[in-house]
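Read through the structure below, which is laid out as structure tokens, and then see the notes.
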Amino acid sequence: MRALDTMGMSVQAIARNKLRSFLTTLGIIIGVASVVAMVHLGQSATRSVTEQIASIGSNLLFVMPGTAQRGPGGVRTNAENFELADVEAIRNEVDGILVAPALTTSATVVIGNANDTIPVIGTTNQYFAVRNHYLAYGREFEATELSSGAAVCIIGKTLIDEMFLGQEPLGSSIRVGRTACRVIGVLEEKGESMGQDRDKTILMPVKAVQRRLVGELDVSAIYVSALADGTTGTVQAQIESLLRQRRGASTGAADDFYVRDTQDIAQALESTTNTLTILLGAIAAVSLLVGGIGIMNIMLVSVTERTREIGIRLAIGARARDVLTQFLVESIALSTLGGFIGLILGVGGTWLVTWKLDMPLVISPPVMLTGFSFSVAIGIIFGFFPARKAALLNPIDALRHE
Amino acid sequence: MNEAGNTATPDRMHLPPAVVEMQDIYKIYGSGATEVRALDGVSLTIRAGEFVAIMGPSGSGKSTCMNILGCLDVPSSGAYRFRGVEVGGLDRDELALLRRNFMGFVFQSFNLLPRISALGNVELPLIYEGVKPARRHQLAMQALATVGLAGRAHATSAQLSGGQQQRIAIARALVTEPPVLLADEPTGNLDTAMAGEIMKELVSIREQRGITILMVTHEPDIARYADRVLFFTDGKLVRDGTPAEVIP
Ligand SMILES: Nc1ncnc2c1ncn2[C@@H]1O[C@H](COP(=O)(O)OP(=O)(O)OP(=O)(O)O)[C@@H](O)[C@H]1O
Ligand SMILES: [Mg+2]
């Protein structure tokens, strides 16, 4: 029997019962669509986390006062802040890094008639490179402004949109706390990152924040960026021993500061999203399995219904294997069709969700191939039993079947 | 079958070869009190070119005998040789090939696959033989023409009369040009006029091709088209002869 004829027979049988064929494949369609969409969306979430981490600055270390305990139990209130001298020491003693101090506070900002509470970061020009957040236009702080703590500021895009209402901000004066402050630059747009609007911020010389806003001569965080990939570990160790010395920690006592690596954060988040992807994929795979059982069920019904037909086929010269392949090809054709439609729906769904949620669109050929081959495999596995049942029928029993 | 003992008789030497030989065939259903002997020790020989009618009351074992002759069923015991081959030693696929290459079947009813055209039904045996579409179309159309239904090639069984369906079943049985045609009550569902037409069809096909025909029937009138009648009662072959001898 020619393969083409076997296929023709199966296609005829499927086309003859369109509604039933569709309902049979529905399980596979849903299964493949959800596997493909879930795994793609999981990968997309991972990608989006990675991108966000990269946008914070790669090879970035946060040096913070307090203890490194994560979560709400962290005791960091009574640890002392750093001094600018600590920042200088790190800059001088550790090689291959950029380092920027940060004194973070928030202040009421008044621009024309608008006022809002805005996070203010006192820092230096190294901030831009360390945090991977550069000027869109305007200029950096001048050396004299930094050393004297001049009242100048660089603002984020959100302030222009919401408070300047789109007017040109450069050169204008805004009120930050009780200080009148001249705008000298605008930061490039960064958008949201981990739930924070990174464009709703003001940068000022660290000394200006110390004297004019906070009234303390310290630094609440130190940002360090390792210049070469893979060196954050050694850089971290160097910083830790240096600060331990400088802060006079007694040996054996817990550090009253901690260093956190963005890589750590990225890895933690990635492994979380990966676990989630596997979980969702597994659930979707179960629905694919259920779809396979649906195919088996309908094929069994079909074999019973067509017993007389099978008898006639056997009488006029079909061999057992001809009957077997006919039914097997039929179930494979059904599941392949379902897989194909499911694939299209899954990719379409992925596209829709990523578009709506503003996530990066990840389309992975291996995932599509796996989902599709799964459906074909299910057609073979779940089609085999009914097909075998048909093939093993006795010609005379089949012919006598009512 | 001691052929050697018969070689001395000159007219026996010119007999055509045996197509089917049954020896002491039993077909027993159930056991103990519910035992049914559908065939109870049947021995018979049918030679090439014969037109044999199998008769007998209902339940006498006609269909059972026919199904075993057609290799659709296997006997409980006894030897059955088809064209000299011991059928008992063949597996399922070999039996299928035997049916495909040497036999054509016509059943009493529901012969055709529903929702497939007459042409599609006649092409079916050729599909299993692996004949290419163009050739198979040609052969199927020829077979349909033989039974006078070339014009209804694209009708499905729902659109055909009972007699037309039986003629298409005959076309399907003959399309592979098998040497033996087996028919179990081919006219059982037809009125007398239509049954007569079918029988004339069979007779003319037999004259053209010289095939062997084995046919089960209830009707003496139908049986008279044959040149030999086997009469069964209670699973036993009780009479064997010309229609005139067997039919009262
Ligand atoms: N599968 C079966 N199981 C049990 N008994 C059976 C089976 N098939 C046939 N029989 C019995 O075997 C006997 C012969 O049946 P068969 O079908 O050969 O009769 P028949 O001569 O063709 O009758 P009819 O003229 O009614 O078609 C009957 O008594 C029947 O009940
Ligand atoms: Mg019968």
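Source: prediction; values computed, not measured. Just so we're on the same page: letters track the sequence lines, and every chain starts at 1. Only this structure's heavy atoms are used, side chains among them; waters, hydrogens and symmetry mates stay out.
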Can you measure from [atom1] ([X]) to [atom2] ([Y]) and round to the nearest 0.5 angstrom?
X: A/L314; Y: B/Y128; atom1: CG; atom2: OH; value: 8.0 Å
X: A/R319; Y: B/L97; atom1: CZ; atom2: CG; value: 5.5 Å
X: A/I396; Y: B/M66; atom1: CD1; atom2: CE; value: 11.0 Å
X: B/I116; Y: A/R16; atom1: CD1; atom2: CZ; value: 5.0 Å

Check the surroundings of atom [atom1] in [X]: do more than 12 heavy atoms from other residues, nucleotides or ligands lie under 6.0 Å from it?
X: B/D234; atom1: CG; value: no
X: A/M7; atom1: CE; value: no
X: A/D358; atom1: CG; value: no

Work out which heavy atom in [X] is nearest to a heavy atom in [Y]; give both atom names and the distance.
X: B/G130; Y: A/R2; result: O-CD, 3.6 Å
X: A/R400; Y: B/N67; result: NH2-ND2, 3.7 Å
X: B/A96; Y: A/A318; result: CB-O, 3.6 Å
X: B/R92; Y: A/L392; result: NH1-O, 3.5 Å

When the 4.5 angstrom heavy-atom criterion is applied to B/V74 and chain A, the contacting part is neither
Highest number of heavy-atom pairs under 4.5 Å with chain B: which of A/D322, A/I316, A/N394?
A/I316
Among A/R306, A/M9, A/Q12, which has the most heavy-atom pairs under 4.5 Å with chain B?
A/M9
When A/I312 is tested against each of B/N111, B/L113, B/L112 for side chain to side chain contact (heavy atoms under 4.5 Å, CB included), which residue passes?
B/L113
Between chain A and each of B/P114, B/C71, B/P125, B/G120, count heavy-atom pairs under 4.5 Å; write down the option with the most.
B/P125
So what's closer than 4.5 Å to chain B heavy atoms on A/L399: side chain, backbone, both or neither?
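The answer is the side chain of A/L399.
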Which atoms of A/A391 approach chain B - backbone, side chain, both or neither, heavy atom under 4.5 Å
backbone
